[in-house]
Amino acid sequence: MKNLKKRVALALCLALLLPCLSLLSSCVTTDDGIYTVTFSINGEKTKVEVARGEIPVCPEEKLSWETSEHFYKVTGWDKEIVPAERNATYTATVGEYGLTIYDARFVLPGDRVVSVKVHEGELPTPPEGYETDLTKTDKVGAFSRWEPELVAPTAENTEGKKYMIYTPVYTYSTRYYSVTFDVRGTKHKVSVAANAVPACPVDPTEYGAGPDQFVGWDKTVVPAKEDAVYTAWYGSAAEIFSVKDGARGILTMTYDDGLYDTAVWVNQKNKQYGLNGSCMLVASKLNADSIRQWKTLFADGTLEPECHSMTHATLPADWSKHYQDQDKRANNNQTTYKYELVDSKAKLQEFFPGREIVCFAPGDNTLSTASFALDENGKADLSRPLNDGGAQAVADATYYAVRQGRYGIQSLDPAPNAEIGGWYNLQIQWFREWMNGNANGLTWLDETVGGGGWLIVMCHAIYGEGAGSSGSKDLTTADADRFFARAGSYVASGDLWCATFGEATRYLRERQSATAYRTMRNKVLYVGLKLDRTTTDGKPLEESVFNYPLTVKAHVPSTWHTASYELNGKTVTTSVFTDPADGQKYVAVNVIPGADGAIVTTAVTMVD
């Protein structure tokens, strides 16, 4: 009896221990850390081996199948599939559907349409990306429901169509953006409602140190339309050279009337002496063949197109000798102005895509300052003058620089007006005056370099060997070559910048609206450039056009001899120079202006 009791007790203990031993065995790691995971689908077992920590995946081909009557698909598992830590079994839930396939089309935010294929009787699963509507800058949408409600398609509820269209409905609220103000390395974050102008929660001017004071942000602070980071810029003032690369003067050579044979000769001389120039084209004189010729010539890079009106019509001011000619005086009406000044610019930009026309030279170098009303036939009525500013006002509104006919060497700082020497009445020197013995072109160059000015030369035909003979003759090839050679020597010495009309205009216009700064951090010089993209006369300096590098003169330590920086993705190496005025060392750095009011930063490092 006693032995019987012992056998019964042992049997009971074994009965209790066997399940525990079975569970314990399933937790034992194999020597190589590999587990067997079983996927049970409709009674069929598929086994996969996975390493510890790896998420097991059922083979794709096991997840769906079809018979002659139905389509079957795994819709879920009896428990969450987790990274393998032991042998495990997952049992599938299987859905049974019809064989007919429907197209569930989901119209997501941003008019993005995503199609999901489903079988008859299968509830479509929306694609990712519908939960929140972030396509609007001023508000954010939280998903509310589908319109119409999602249904499993059948022949009855789709009315025989093989597709359904679902559109999400959202509940909208004000959208907020995260804006960070980086002040001396400390980041101050603020949440800003859409379209509100963010404000720095601390006063950045209080963090200036010594000569490095707060001068602005690295980009213009604008109403919030996205998350943004603004970095405070601290530095002291730096000088922007009056002329590119610190040259003493500018030479701009303009060739009127579109004389192609002269331009070909000039192009060769430009390449020989390192010069540039502008071809003032009469738009109506161009045709498909000539446009192709000019494009090929301009591709050489020494010449550019600018505007010389549509037909070369004279629009005389009352001081001009042409004003006495009634036919020419009758050109002074708004219809003619639009055609000659505005439409001509549009034509040239159409003929030469990618080239912005910013400069103008009127026919016969004169622009009216008053007009005449038009009669019933569209003709100017000379008995009805109008005080409307004339062609001058139209030119002022259409161009950034207007070359007229008063003689002189132009200032490097034109005023934003139409007074003689202003941006809309720039002075010239005419090669014909040299040819006629009234001036000496070589002296013009010497005076420009010696006095620091902008020499704008007007020329029609250069005639003689190799230059052709069309057009109004202004200078022989022999004298022109002497002029080019003298200009080339000044350019080579760095005393003269020979710029196209457009280049000089962009540089000087930008410089008049820009400020520069410098600061040293960790033995690196940082040069900052800020451009106000509206001129003092209200002209917008569009970033796509006014992106010419400005040359900043920045002080460097006395131990520097050579420096380098990046410009347009290329490394520029430049020599440090000593300014005799103060005996200090400086470096000249070319910086491309950025967005309106933003401070563009260029890092300059010592080479030796």
Angle between ring planes, [X] versus [Y], binned at 30° and 60°: parallel, tilted or perpendicular?
| X | Y | answer |
| --- | --- | --- |
| Y230 | F181 | parallel |
| H312 | H308 | perpendicular |
| W217 | F214 | perpendicular |
| W434 | F483 | tilted |
| F360 | Y399 | parallel |

For the backbone of [Y] and the side chain of [X], can you confirm whether one donor and one acceptor N or O come within less than 3.5 Å of each other?
| X | Y | answer |
| --- | --- | --- |
| D257 | L259 | no |
| R329 | L315 | no |
| T366 | A317 | yes |
| Y517 | Q213 | no |
| R175 | K136 | yes |
| T443 | A439 | no |
| E510 | L531 | no |
| T254 | V457 | yes |
| Y548 | P593 | no |
| R533 | A595 | no |

From CA spacing to verdict: side-chain hydrogen bond (donor to acceptor under 3.5 Å, both in side chains), S513, D532: CA-CA 5 Å; S513 295; D532 180 352; 6.0 Å; no
Is any side-chain heavy atom of [Y] closer than 4.5 Å to one of [X]?
| X | Y | answer |
| --- | --- | --- |
| L374 | K379 | no |
| V591 | L550 | no |
| I599 | V215 | yes |

I'd like to know whether [atom1] of [X] has more than 12 heavy-atom contacts from other residues, nucleotides or ligands below 6.0 angstrom.
| X | atom1 | value |
| --- | --- | --- |
| K347 | NZ | no |
| D111 | CG | no |
| N287 | CG | yes |
| E465 | CD | no |

For [X] and [Y], which I'm curious about, is there any donor-acceptor pair between the side chains at under 3.5 Å?
| X | Y | answer |
| --- | --- | --- |
| D133 | Y172 | yes |
| Y337 | T335 | no |
| S371 | D388 | yes |
| Y400 | T535 | no |
| T311 | E340 | yes |
| D474 | Y463 | no |
| N276 | T302 | no |
| S383 | D381 | yes |
| Q392 | D396 | yes |

Could you work out, with salt bridge (Lys or Arg N to Asp or Glu O under 4.0 Å) as the rule, every residue matching [X], not counting sequence neighbours?
| X | value |
| --- | --- |
| K271 | D300 |
| R112 | none |
| R486 | D446 |

Stepwise side chain to side chain contact (heavy atoms under 4.5 Å, CB included) check, E503 with Y507: CA-CA 6 Å; E503 287 174 334; Y507 186 95; over 6 Å; no
Between atom [atom1] of [X] and atom [atom2] of [Y], what is the distance when rounded to the nearest 0.5 Å?
| X | Y | atom1 | atom2 | answer |
| --- | --- | --- | --- | --- |
| K338 | T398 | NZ | OG1 | 10.0 Å |
| K345 | C359 | NZ | SG | 9.5 Å |
| R511 | I240 | CZ | CD1 | 8.0 Å |
| Y424 | Q404 | OH | CD | 12.5 Å |
| Y490 | L251 | OH | CG | 11.5 Å |

CA sep, side-chain torsions, deciding dist, call: N332, Y323, side chain to side chain contact (heavy atoms under 4.5 Å, CB included): CA-CA 10 Å; N332 288 336; Y323 194 80; 4.2 Å; yes
Output side-chain donor-acceptor pairs under 3.5 Å for residues 278-286, partner residues at least two apart or in another chain, one line each.
| residue | atom | partner | partner atom | Å |
| --- | --- | --- | --- | --- |
| S278 | OG | E304 | OE2 | 2.8 |
| S278 | OG | F501 | N | 2.7 |
| S284 | OG | M310 | O | 2.5 |

Side-chain ion pair, R509 and D537, N-O less than 4.0 Å: yes
SB check D245 K553 (cutoff 4.0 Å):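 The answer is no: the pair does not qualify as a salt bridge.
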In a table with atom names and distances, give each donor-acceptor pair under 3.5 Å that connects a side chain of residues 405-420 to protein atoms at least two apart or in another chain.
| residue | atom | partner | partner atom | Å |
| --- | --- | --- | --- | --- |
| Q410 | OE1 | Q427 | N | 3.0 |
| Q410 | NE2 | G421 | O | 2.6 |
| S411 | OG | D413 | N | 2.9 |
| D413 | OD1 | Q512 | NE2 | 2.6 |
| N417 | OD1 | E419 | N | 3.0 |

With T167 via side chain to side chain donor-acceptor pair (under 3.5 Å) - residues at least two apart: none
Test side chain to side chain contact (heavy atoms under 4.5 Å, CB included) applied to T252 and I250, step by step: CA-CA 7 Å; T252 291; I250 303 175; 4.0 Å; yes
Criterion ring-ring contact (aromatic ring centres under 6.0 Å, His included) against W294, the qualifying member of Y260, F351, F352, Y255: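 Of Y260, F351, F352, Y255, ring-ring contact (aromatic ring centres under 6.0 Å, His included) with W294 is met by Y260 alone.
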D256/R403 under salt bridge (Lys or Arg N to Asp or Glu O under 4.0 Å): CA gap, chis, key distance, verdict: CA-CA 11 Å; D256 285 16; R403 189 210 73 192; 2.7 Å; yes
Minimum heavy-atom distance A263-L303, with the two atoms named: O-CD1, 3.6 Å
CA sep, side-chain torsions, deciding dist, call: L496, T448, side chain to side chain contact (heavy atoms under 4.5 Å, CB included): CA-CA 8 Å; L496 184 68; T448 298; 4.2 Å; yes
